[in-house]
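Working notes, beginning with the structure itself.
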Amino acid sequence: MEFTAKQIAELIQGTIEGNENAKVNSFAKIEEGHDGAISFLSNPKYTHYIYETKSSVVLINKDVELEHQVTTTLIRVENAYECVAHLLQIYESMKPKKQGINSLASISPSAKIGENCYVGAFAVIGDNAVIGDNTQIFPHACIGDNVTIGNNSIINANVSIYQGCKVGNRVTIHSGAVIGADGFGFAPTENGYDKMPQIGIVTIEDDVEIGANTCIDRSTMGSTYIRKGAKLDNLIQIAHNAEVGSNTVMAAQCGVAGSTKLGEWCMFGGQVGIAGHLHITDHTTVGAQAGITGSIKKEGLTIVGSPAIDAKTYMKSYAVYRRLSEMYTQLNEMKKEIDELKKK
C-alpha cells in the first residue's frame, strides 16, 4: 500500500510543508527513518532527529518551531501522536483478515459461529458457545461452554475463556490470557481451607484490550466487570467481583484484589497493588508501584507511594526522607552538645 503526502494530509486534516507528492509505504521511528517511510515527532527530546531523518514524510505538531531547514516533507497537525495512531489503525484495518475454519479445530455441534469468522487449528469451542461475525479465534484458544463473543473481536493463540463468560464487540485478548478462572475464595476451618465455589462469570464490554498472560477471575456470584474501552497491559491480575471502569488503563503487573471498584478514565502505572473492597473514583492517576490500602473519594487526584498518598505531599516527604541520614548525624551532634552543656 502506497500513499502520497497529500493523501495522508487529507486523512488527518494536516498542512503540508514540502513535496505533496512524496510517497510512503511503511512506518518507521524518526531515528530509524528510511526512504518511503512516514515517521512522527511528538516528544521534544527527539527534535534533533528531524534534521537528519531519512523518512520521506514526518508528522509534526503545528506549534513546533524548527531552528534549521529540513529535507523531509512535513505534515503539521494538532497532535502528531494521535494522528499517527489514527493512521496505524487505518493501515491495520486494510490488512487482509483470516477467514474460515481450520479442519483441525474442535467445535461443538451446538456452538454458533457467525459470518466471516476464523477459527485456527486446535482451537476448541464448547457447547452452546456463540461467536459473532468477523471474529477471529487463533490456534489453541479454548472457548468454554456457553461463552458469548461479539462481532469483530480477536482471541489470540492460547487464550482460555472459561464457561459462561461474556465478551463484547471489538475486543482483543492477547496470547496466554485467562478469562474466568476461579476467584481466590477459601473459608478457613480447623482442618484447613474449604473452597468457596465461584459460580459467577466475567463480563468484558465492547472495545476492551487485554494483554498477554493477564488473568481476570470469575466472580463468586454475579460478575467481574471490565467496562467499555478499558485497556489492560500484560501480566495483570483482576480478582473476583472486581470492576474496572470504562476507559481506564492499567500498565503491566498491576493487581486488583476482590470486590474493588475502579472508576472511569483512571490511569494506573506498572506494579500498582490495590487492596480489596475499595472504591477508586473517576479520573484517578496512580504512579508505578503504588500501594492503595484505602478508597479514593476525591476525583482527579494523582497519588504515589506505598501506602499511596497525594503526589505533592509525597514529593515533599521524600525530600525529607532523602536527608534522613544527614539529619540523623546532625541530631547526634546536637545531643552530644546538649549532654556536654548539662555536665557543665
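In what follows, residues are counted from 1 in the order of the sequence shown.
A side-chain donor-acceptor contact under 3.5 Å links Q198 and T220. Side-chain contact check for D127 and S108: at least one donor-acceptor pair (N or O, by modelled atom type) lies under 3.5 Å. Judged purely by distance below 3.5 Å, without hydrogens or angles, the side chains of D35 and S56 pair a donor atom with an acceptor atom.
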Exercise. What do the steps show when you test D339 against K343 for salt bridge (charged side-chain N to carboxylate O under 4.0 Å, His left out), and what is the final call?
Worked result: CA-CA 6 Å; D339 288 343; K343 290 178 182 179; over 6 Å; no
Problem set entry | Trace of the side-chain contact (heavy atoms from CB on, under 4.5 Å) decision for M250 with K231 | CA-CA 7 Å; M250 306 184 76; K231 313 297 181 188; over 6 Å; no
For this session: Go through E209 and H174 one step at a time and tell me if the side-chain contact (heavy atoms from CB on, under 4.5 Å) criterion holds.
Result: CA-CA 8 Å; E209 183 151 349; H174 289 282; 2.7 Å; yes
For this session: Verify salt bridge (charged side-chain N to carboxylate O under 4.0 Å, His left out) between E92 and K95, making sure each step is shown before the conclusion.
Result: CA-CA 5 Å; E92 188 71 16; K95 287 182 179 179; 3.4 Å; yes
For this session: Could you walk me through whether R218 and Q163 pass side-chain contact (heavy atoms from CB on, under 4.5 Å), step by step?
Result: CA-CA 10 Å; R218 67 176 50 247; Q163 68 275 8; 3.7 Å; yes
Exercise. Could you walk me through whether D145 and N128 pass the side-chain contact (heavy atoms from CB on, under 4.5 Å) check?
Worked result: CA-CA 6 Å; D145 296 345; N128 301 307; over 6 Å; no
Exercise. Going through the distances and angles, do E333 and K336 end up as a salt bridge (charged side-chain N to carboxylate O under 4.0 Å, His left out)?
Worked result: CA-CA 5 Å; E333 290 174 353; K336 289 178 182 178; over 6 Å; no
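More than 12 heavy-atom neighbours from other residues, nucleotides or ligands sit within 6.0 angstrom of CZ on F27. By the neighbour-count criterion of 12 heavy atoms within 6.0 Å, atom NZ of K54 is sparsely surrounded, having that number or fewer from other residues, nucleotides or ligands. By the 6.0 Å contact criterion, CD on E2 is enclosed, its count of non-hydrogen atoms from other residues, nucleotides or ligands being greater than 12. The 12-atom threshold is exceeded at OH of Y51, counting heavy atoms of other residues, nucleotides or ligands nearer than 6.0 Å.
Judged purely by atom type and a 3.5 angstrom limit, T281 has no side-chain atom pairing as donor or acceptor with the backbone of I296. Counting only distance, with no hydrogens or angles, the side chain of N158 and the backbone of A141 share no donor-acceptor pair below 3.5 Å. When atom types are taken as modelled, the side chain of N79 and the backbone of E82 share a donor-acceptor pair closer than 3.5 angstrom. Panel note: side chain S219, backbone M221; a donor-acceptor pair is recorded below 3.5 Å. A side-chain donor-acceptor contact under 3.5 Å links Q7 to the backbone of T4. Proximity of a side-chain donor or acceptor of S42 to a complementary backbone N or O of A80 within less than 3.5 Å is not detected. In this structure, the side chain of S306 does not engage the main chain of A290 through any donor-acceptor pair within 3.5 Å. Formation of a donor-acceptor pair under 3.5 Å by the N241 side chain with backbone atoms of T224 is not found in this model. Between the side chain of S295 and the main chain of H279, a donor-acceptor pair closer than 3.5 Å is present. Using a distance-only test at 3.5 Å, with no hydrogens or angles considered, a donor-acceptor pair links the side chain of N156 to the main chain of I173.
When every heavy atom of D217 is checked against every heavy atom of Q237, the shortest pair comes out as OD2-NE2, 3.0 Å. Listed here is the closest heavy atom pair of C117 and G132: SG-O, 2.9 Å. The nearest pair of heavy atoms linking A177 to G211 is CB-O, 3.9 Å. In terms of heavy-atom proximity, A251 sits nearest to C254 at O-SG, 3.2 Å.
Separation of atoms OG (S223) and NZ (K166) is listed at 7.5 Å; rounding is to 0.5 Å. Going from atom OG of S246 over to atom CD of E205 covers 8.0 Å, rounded to the nearest 0.5 Å. With rounding to the nearest 0.5 Å, the separation of CD in E115 from CG in D133 is 5.0 Å. Here the CD-CD1 distance, from Q253 to I236, works out to 9.5 Å after rounding to the nearest 0.5 Å. In this structure, CD1 in I125 is found 11.0 Å from OG in S110, a value given to the nearest 0.5 Å. Note that OG of S55 is 9.5 Å distant from CD of E32, once rounded to the nearest 0.5 Å.
Within the structure, every pair that satisfies the salt bridge (Lys or Arg N to Asp or Glu O under 4.0 Å) test and touches residues 6-27, not counting sequence neighbours, is listed here: E17-R76. Listed by first and then second residue, the salt bridge (Lys or Arg N to Asp or Glu O under 4.0 Å) pairs that reach into residues 63-72 come to none, sequence neighbours excluded.
For the pair V167/T148, no side-chain contact is recorded, criterion being any heavy-atom separation below 4.5 Å from C-beta on. Side-chain contact check for I30 versus Y49: some heavy-atom pair is nearer than 4.5 Å. I309 has its side chain out of reach of V304: every pair of non-hydrogen atoms, C-beta onward, lies at least 4.5 Å apart. In this structure the side chain of T329 never reaches within 4.5 angstrom of the side chain of L331, judged on heavy atoms. Counting heavy atoms from C-beta outward, Y162 and V178 have side chains that approach closer than 4.5 Å. Between I161 and I149 there is a side-chain heavy-atom pair separated by less than 4.5 Å. With a 4.5 Å cut-off on side-chain heavy atoms, R227 and T203 do not count as touching. Here the side chains of I216 and I210 are in contact, with some heavy-atom distance below 4.5 Å.
L301 and I280 end up in the same hydrophobic cluster when Ile, Leu, Val, Met, Phe, Trp and Tyr side chains are linked at under 4.5 Å. If you chain together hydrophobic residues whose side chains sit under 4.5 Å apart, V208 and I154 never meet in one group. Hydrophobic clustering (ILVMFWY, side-chain heavy atoms < 4.5 Å, transitive): I38 and Y81 are in one cluster. A continuous path of ILVMFWY side-chain contacts below 4.5 Å connects I16 to F3, so both sit in one hydrophobic cluster. Using a 4.5 Å cut-off between side-chain heavy atoms of Ile, Leu, Val, Met, Phe, Trp and Tyr, with links allowed through other members, V24 and I90 fall into the same hydrophobic cluster.
Partner of L262 under the side-chain contact (heavy atoms from CB on, under 4.5 Å) criterion, out of I292, L278, I274: I274 alone. Tested against V70, the residues V58, T53, I50 include a single side-chain contact (heavy atoms from CB on, under 4.5 Å) partner, I50. A side chain to side chain donor-acceptor pair (under 3.5 Å) with R170 holds for exactly one of T135, N152, D207, N134; it is D207. A side-chain contact (heavy atoms from CB on, under 4.5 Å) with I75 is found for one member of T15, L11, I12, I60 and no other, namely I12.
Between Y118 and F138, the ring-plane angle classifies as perpendicular under the 30° and 60° cut-offs. Ring planes of F186 and Y193: perpendicular class, angle over 60° (limits at 30 and 60°).
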